[in-house]
Amino acid sequence: MPLFLLMTVLGITFAVAAVVCFRHATLMSFPYGLFALLCLGARWLHDASCAFAQPLAVFNLLLLGTAIAAVAYVQAPASRCKTPSRVDWIVVLGCRLVEGKPGRTLTCRLQAALKCYRQHPEARLVVCGGKGEDESCSEAAAMSAFLISQGLSAEEIIKEDQSRTTAENLRNFLQITGSQDASILLVTSDFHMGRSLQLARQIGFTKVAGLPSKTPWTAWFNCALREAFILMAQKIGFHPSNVSIGKKRL
């Protein structure tokens, strides 16, 4: 396929994705919209016989290839996860609420945790997440309410409702369990699994496994790309609690 025909196809594809994602969350449309502008811009420069068209098209392909590689790197740990035969604790990590209720991403985590809990009724179930500045209740409270609506009793759910970051989720959970040697199953989104397991091991948990939940496609690429930036920040010395997107600390 000629280079600038490819730019046209990619530009239209990303533009459609941006419009679809805009219906669900504005930020989700940003990377798609950016790629759409770059690709269609390269095509427009080509039609205008501009000398910058060819370099921009090549840059677009390199940028897209880098983004896909970063997303694949972030996604890889989730594909290697296996649920152990013994589970002492099922720990569901929080995610931003939507109008005081779990959004689609957090709902997927809760559904995965609920299914696992019913297979391992001997485990204790913990939901983690405090109250953000723009949230009407704590994430843990909203998660607990959702699980109760699905048939669990309040007594079956332990709430950790003081944390604002993934690291705080895990440190506060350590205070609940009081042991680093219990068998722990972390439930979080597929794109978030690698960093969560890494943090758990850094905190000292010795028997930790992951249960990744699927991320809705409209959010997945953006979330995985954001996670790649967070991991890159870690590599150059930033602690995750110092990284934020808007009012949400990560």
Where N169 and G94 come nearest, the two heavy atoms and their spacing
OD1-N, 3.8 Å
Can L186 be reached from L147 by stepping across I, L, V, M, F, W or Y side chains whose heavy atoms are under 4.5 Å apart?
no
Just so I know, are the side chains of D190 and K214 near enough to count as touching, which here means a heavy-atom distance under 4.5 Å?
yes
I'd like to know if the side chain of S144 and the backbone of A140 have a donor-acceptor N/O pair within less than 3.5 Å.
no
Are the side chain of R124 and the backbone N or O of D88 linked by a donor-acceptor pair below 3.5 Å?
no
Please lay out, stage by stage, how Y73 and L231 fare under the test side chain to side chain contact (heavy atoms under 4.5 Å, CB included).
CA-CA 10 Å; Y73 174 78; L231 290 172; 4.1 Å; yes
Distance col, row K101:NZ vs F146:CZ, nearest 0.5 angstrom, shows 11.0 Å
Between the main-chain N or O of T8 and the side-chain N or O of R43, is there a donor-acceptor pair closer than 3.5 Å?
no
Polar side-chain atom of N172 near backbone of E160 as donor-acceptor pair, under 3.5 Å:
no
So does Q119 have more than 12 non-hydrogen atoms from other groups sitting under 6.0 Å from CD?
yes
Can you check side chain to side chain donor-acceptor pair (under 3.5 Å) on W89 and S183, steps first, answer last?
CA-CA 6 Å; W89 296 86; S183 177; over 6 Å; no
L199 versus A167, closest heavy-atom pair with distance
CD1-N, 4.1 Å
Apply side chain to side chain contact (heavy atoms under 4.5 Å, CB included) to residues L6 and C39 and explain how you reach the verdict.
CA-CA 9 Å; L6 177 61; C39 292; over 6 Å; no
Hey, could you give me the CD/CG distance between Q202 and L197, rounded to the nearest 0.5 Å?
11.0 Å
Is the shortest heavy-atom distance from the side chain of F35 to the side chain of L64 under 4.5 Å?
yes
Would you call the rings of F173 and F205 parallel, tilted or perpendicular, where under 30° means parallel and over 60° means perpendicular?
tilted
Which value, rounded to the nearest 0.5 Å, describes the distance between C116 atom SG and L185 atom CG?
5.0 Å
F191 with M232, same ILVMFWY side-chain cluster at under 4.5 Å:
no
For D181 and K207, the nearest pair of non-hydrogen atoms, with its separation, is O-CD, 3.2 Å
Shortest non-hydrogen pair, C95 vs T105, comes out as SG-CG2, 4.2 Å
V74/L225 under side chain to side chain contact (heavy atoms under 4.5 Å, CB included): CA gap, chis, key distance, verdict
CA-CA 8 Å; V74 165; L225 196 58; over 6 Å; no
Kindly indicate, with the supporting measurements, whether the criterion side chain to side chain contact (heavy atoms under 4.5 Å, CB included) is fulfilled by C108 and T215.
CA-CA 7 Å; C108 289; T215 304; over 6 Å; no
Tell me whether E227 is salt-bridged to R195, with the criterion being a basic N under 4.0 Å from an acidic carboxylate O.
yes
Compare all side-chain heavy atoms of L125 with those of V92 and state whether any distance is below 4.5 angstrom.
yes
To the nearest 0.5 Å, how far apart are CG in L93 and NE2 in H192?
6.0 Å
For the residue pair L40 and I12, what are the closest heavy atoms and their distance?
CD2-N, 4.2 Å
Hey, does I184 have a side-chain heavy atom less than 4.5 Å from the side chain of T177?
no
Counting C-beta onward and ignoring hydrogens, is there a side-chain heavy-atom pair between N60 and M7 closer than 4.5 Å?
yes
Using 0.5 Å steps for rounding, measure from the CD1 atom of I176 to the SG atom of C128.
6.0 Å
Are V187 and M143 connected, step by step, through hydrophobic side chains (Ile, Leu, Val, Met, Phe, Trp, Tyr) whose heavy atoms are closer than 4.5 Å?
yes
Using 0.5 Å steps for rounding, measure from the NZ atom of K115 to the CD1 atom of I90.
13.0 Å
In terms of hydrophobic clustering (I, L, V, M, F, W, Y; side-chain heavy atoms under 4.5 Å; direct or indirect links), are F59 and W44 co-clustered?
yes
Below 4.5 Å, heavy atoms only, C-beta onward: do Y117 and L152 meet side chain to side chain?
yes
Measuring only between side-chain heavy atoms, which start at C-beta, is I148 closer than 4.5 Å to S153?
no
Do S213 and Q111 have side chains that get closer than 4.5 Å, going by heavy atoms?
no
Are Y32 and L61 linked, directly or through other ILVMFWY residues, by side chains that come within less than 4.5 angstrom of each other?
yes
Identify the two heavy atoms, one from P102 and one from L110, that lie closest to each other, and give their separation to 0.1 Å.
CG-CD1, 3.9 Å
